Amino acid sequence: MFSIGLLGPHPVTGEVPGERERLRGIVELAVLTEEMGMDVFAIGEHHDGPYVTSAPTVILGHVAARTTRLRLSTAVTVLTTLDPVRVAEDFATLSHLSDGRVDLMIGKGVSWRTFPLFGRDPGDQDELLAENHRLLRTLWRREDVDWSGRFRTPLHQVTTIPRPYGPPPVIWHGAVRSATTARTAARFGEPLFLNNVFGPMEHFGALADHYRSAWAEHGRDPEDAVLGAGGQLHVARRSQDAVKRFRPYHSQLLAARGAVPAPGTLEREMAATTLTVGSPQQVVEAVLGFRERYGHQRQLFALDMPGMPYAEVREQLELLGGEVIPELRREVGPAPGADAKAMGTPTGTGR
């Protein structure tokens with residue numbers, strides 16, 4: 001599961017949870033994710049708009065204290081606007097507090113308004129991400145680091161503290177549109193995440209193909225490439241109930257994006273994207289279909305819509321844990337546990 005912490009009214013009642021309630025709801029969602037047998041919980045990072053997830057490492061630290069098995073991640077860490085020294089220290093600390101159950105997903109971010117908040121120019125986003133990624137990797141793998149780059153003051157004999165707990169956290173690369181992101185992930189032997197909550201499946205399928213091709217160009221077996229994929233989920237015992245309950249949330253999302261909800265829009269998005277609304281069996285079939293196209297090892301679903309009551313969240317997670325997850329285990333194998341490939345552990349050191 002993952003959450004971006006969007007704050008807003010319930011589409012029918014108009015009731016709006018407060019920031020405290022929304023944040024605590026995210027933590028409870030994570031705890032339930034572990035209780036219901038799922039493997040990963042991720043938090044998005046946003047610094048503008050109606051979100052409560054500006055500090056994902058703080059949230060994940062609290063989740064780490066409430067869980068024992070769950071793998072913790074971001075989706076994404078906006079590395080274009082953050083200091084890599086700070087990121088290295090934060091996630092190394094979190095790796096100790098979680099007994100090594102942490103990785104992070106990096107990306108450019110989806111809002112240009114974030115850049116001025118941190119004194120950055122959105123026109124530099126590609127170069128910022130590339131430079132900050134290289135520095136982060138270096139800080140986790142070396143001590144007494146000397147560094148000079150375009151976007152920050154030089155470093156001389158710097159060793160970030162604490163050092164990571166065991167191997168450095170795995171760095172995933174989140175991609176919405178960029179083939180450059182796919183090539184960078186392949187170059188460094190790191191996993192790619194197809195951040196396709198509402199995007200067309202074939203667009204992201206092409207990104208997956210590009211990633212595997214670039215992976216092979218660097219002398220690696222394409223079968224060793226590690227991918228993840230996102231999606232929006234709403235599940236109910238009966239498919240017609242799932243569609244009926246989700247339609248107001250979907251209409252609210254469309255309105256927030258400036259679109260006018262038209263008849264059949266929800267159904268068309270369900271057919272063309274990874275938006276999954278239906279019964280437990282339909283969720284199983286959808287995930288297996290995504291896996292057939294992408295060949296991915298990690299599937300993250302967003303479930304907690306703005307204004308969604310906690311009881312509705314819990315009901316869906318219970319269906320996932322009781323019916324969906326066991327069936328997926330039978331189809332694709334057991335929980336990944338310590339399996340390096342399924343967890344996204346890099347298969348090469350990169351360059």
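Predicted model only: the values in this text are computed from it and were never measured. Any value given below was found using the heavy atoms of this structure, including those in side chains, with hydrogens, waters and symmetry copies removed.
Here the OG atom belonging to S178 is positioned 12.5 Å from the CG atom belonging to N195, to the nearest 0.5 angstrom. Here the OG1-CZ distance, from T77 to F91, works out to 3.5 Å after rounding to the nearest 0.5 Å. If you take OG1 on T53 and CD1 on I26, they are separated by 6.0 Å, rounding to the nearest 0.5 Å. Note that CD of E34 and CZ of R71 are 13.0 Å apart. Values are rounded to the nearest 0.5 Å. To the nearest 0.5 Å, atom OG of residue S3 and atom CD1 of residue I59 are 8.0 Å apart. Distance check, rounded to the nearest 0.5 Å: CD1 of I4 to NE2 of H46 gives 4.5 Å.
Within a 6.0 Å radius of CD in Q281, other residues, nucleotides and ligands contribute more than 12 heavy atoms. The environment of R293 atom CZ is dense: over 12 non-hydrogen atoms of other residues, nucleotides or ligands sit within 6.0 angstrom. For CZ of R257, the number of neighbouring non-hydrogen atoms (other residues, nucleotides, ligands) closer than 6.0 Å is greater than 12. Around CD of Q157, the count of heavy atoms belonging to other residues, nucleotides or ligands within 6.0 Å exceeds 12. Within 6.0 Å of atom CD in E292, 12 or fewer heavy atoms from other residues, nucleotides or ligands are found, so the atom counts as exposed in its surroundings.
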| Can you check salt bridge (Lys or Arg N to Asp or Glu O under 4.0 Å) on R86 and D83, steps first, answer last? | CA-CA 5 Å; R86 177 81 267 178; D83 181 0; over 6 Å; no
| message | Determine whether D39 and R298 satisfy the following criterion, salt bridge (Lys or Arg N to Asp or Glu O under 4.0 Å), listing intermediate values before the conclusion. | response | CA-CA 9 Å; D39 305 309; R298 176 177 289 185; over 6 Å; no
| task | List the steps and the verdict of side chain to side chain contact (heavy atoms under 4.5 Å, CB included) for L288 and V332. | result | CA-CA 9 Å; L288 293 177; V332 304; 3.8 Å; yes
| message | Could you go through L94 and L60, starting from their C-alpha distance and side-chain angles, then the distance that decides it, and tell me whether this counts as side chain to side chain contact (heavy atoms under 4.5 Å, CB included)? | response | CA-CA 8 Å; L94 185 55; L60 293 175; 3.8 Å; yes
| Criterion side chain to side chain contact (heavy atoms under 4.5 Å, CB included) on F301 and V287, from CA distance to verdict | CA-CA 10 Å; F301 275 122; V287 173; 3.6 Å; yes
| request: I would like to know whether M270 and T276 meet side chain to side chain contact (heavy atoms under 4.5 Å, CB included); could you show each step before the answer? | output: CA-CA 6 Å; M270 288 167 57; T276 303; over 6 Å; no
| request: Report the C-alpha separation of E28 and R66 in whole Å, then their side-chain angles, then the decisive distance to 0.1 Å, and conclude whether the salt bridge (Lys or Arg N to Asp or Glu O under 4.0 Å) test is met. | output: CA-CA 9 Å; E28 294 306 319; R66 297 278 307 275; 3.1 Å; yes
| field | Test salt bridge (Lys or Arg N to Asp or Glu O under 4.0 Å) applied to E19 and R24, step by step | value | CA-CA 9 Å; E19 291 176 333; R24 289 184 174 272; over 6 Å; no
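Placement of V63 and V313 within a single hydrophobic cluster is found when ILVMFWY residues are connected by side-chain heavy-atom separations under 4.5 Å, directly or transitively. Hydrophobic clustering of Ile, Leu, Val, Met, Phe, Trp and Tyr side chains at less than 4.5 Å, counting indirect connections, keeps V58 apart from V87. With hydrophobic clusters built from ILVMFWY side chains whose heavy atoms lie under 4.5 angstrom apart, M305 shares a cluster with Y310. Residues L82 and F151 are members of separate hydrophobic clusters, defined by side-chain heavy-atom contacts under 4.5 angstrom among Ile, Leu, Val, Met, Phe, Trp and Tyr.
At a threshold of 4.5 Å between non-hydrogen side-chain atoms, the residues L6 and L253 count as touching. Using a 4.5 Å heavy-atom cutoff, the side chains of L300 and M1 are not in contact. A 4.5 Å side-chain heavy-atom check between E267 and R247 finds at least one atom pair inside the cut-off. Taking the side chain as every heavy atom from C-beta outward, R152 and L135 approach each other to under 4.5 Å. A 4.5 Å side-chain heavy-atom check between T160 and V85 finds at least one atom pair inside the cut-off. Counting only heavy atoms from C-beta outward, the side chains of V226 and Q297 approach each other to under 4.5 Å. Taking 4.5 Å as the limit, some side-chain heavy atom of M308 sits within range of a side-chain heavy atom of L303. At least one side-chain heavy atom of H47 sits less than 4.5 Å from a side-chain heavy atom of E45.
In terms of modelled atom types and a separation under 3.5 Å, the side chain of N132 and the main chain of L79 share a donor-acceptor contact. Judged purely by atom type and a 3.5 angstrom limit, H156 has no side-chain atom pairing as donor or acceptor with the backbone of D144. Remark: the backbone N or O of N196 is paired with a side-chain donor or acceptor of T274 at under 3.5 angstrom. Side chain of Q316 to main chain of V235: a donor-acceptor pair is present (N/O by atom type, distance under 3.5 Å, no hydrogens or angles). At distances below 3.5 Å, not a single donor-acceptor pair connects side-chain atoms of E15 with backbone N or O atoms of P9. A donor-acceptor pair is defined here as one N or O able to donate and one able to accept, closer than 3.5 Å; such a pair exists between the side chain of R69 and the backbone of M38. Looking at R220, its side chain does come within 3.5 Å of a backbone N or O of A186 through a donor-acceptor pair.
Ring orientation note: the planes of H234 and Y249 are tilted relative to one another, at an angle of 30° to 60°.
In this structure, a donor-acceptor pair under 3.5 Å is present between the side chains of H250 and E269. For the residue pair D209 / Y294, no side-chain donor-acceptor distance below 3.5 Å is found, with atom types taken as modelled. Checked by atom type, the side-chain pair S95/R101 shows no donor-acceptor distance below 3.5 Å. Side-chain contact annotation: R141 with T138, donor-acceptor N/O pair under 3.5 Å absent. Between the side chains of T265 and R268, a donor-acceptor pair is found at a separation under 3.5 Å.
Y211 has its ring centre no less than 6.0 Å from the ring centre of H173. Between H296 and F193, the ring center distance fails the sub-6.0 Å criterion. F188 has its ring centre less than 6.0 Å from the ring centre of H133.
Closest heavy-atom contact between T33 and F41: OG1-CD1, 3.9 Å. In terms of heavy-atom proximity, A88 sits nearest to W140 at O-NE1, 3.1 Å. Closest approach of V52 to L23, counting heavy atoms only: O-CD2, 3.2 Å. Across every non-hydrogen atom of P326 and L320, the tightest pair is CD-O, 4.1 Å. Contact detail for A30 and T67: the closest heavy-atom pair is O-CG2, 4.5 Å. Looking at every heavy atom in both residues, R120 comes nearest to P122 through O-CD, 3.7 Å.
Remark: of the listed residues L129, T80, V76, L129 is the sole one forming a side-chain contact (heavy atoms from CB on, under 4.5 Å) with I106.
A salt bridge between E315 and R245 is present, with a side-chain N of the basic residue lying under 4.0 Å from a carboxylate O of the acidic one.
The salt bridge (charged side-chain N to carboxylate O under 4.0 Å, His left out) search around R237 returns E323, not counting sequence neighbours.
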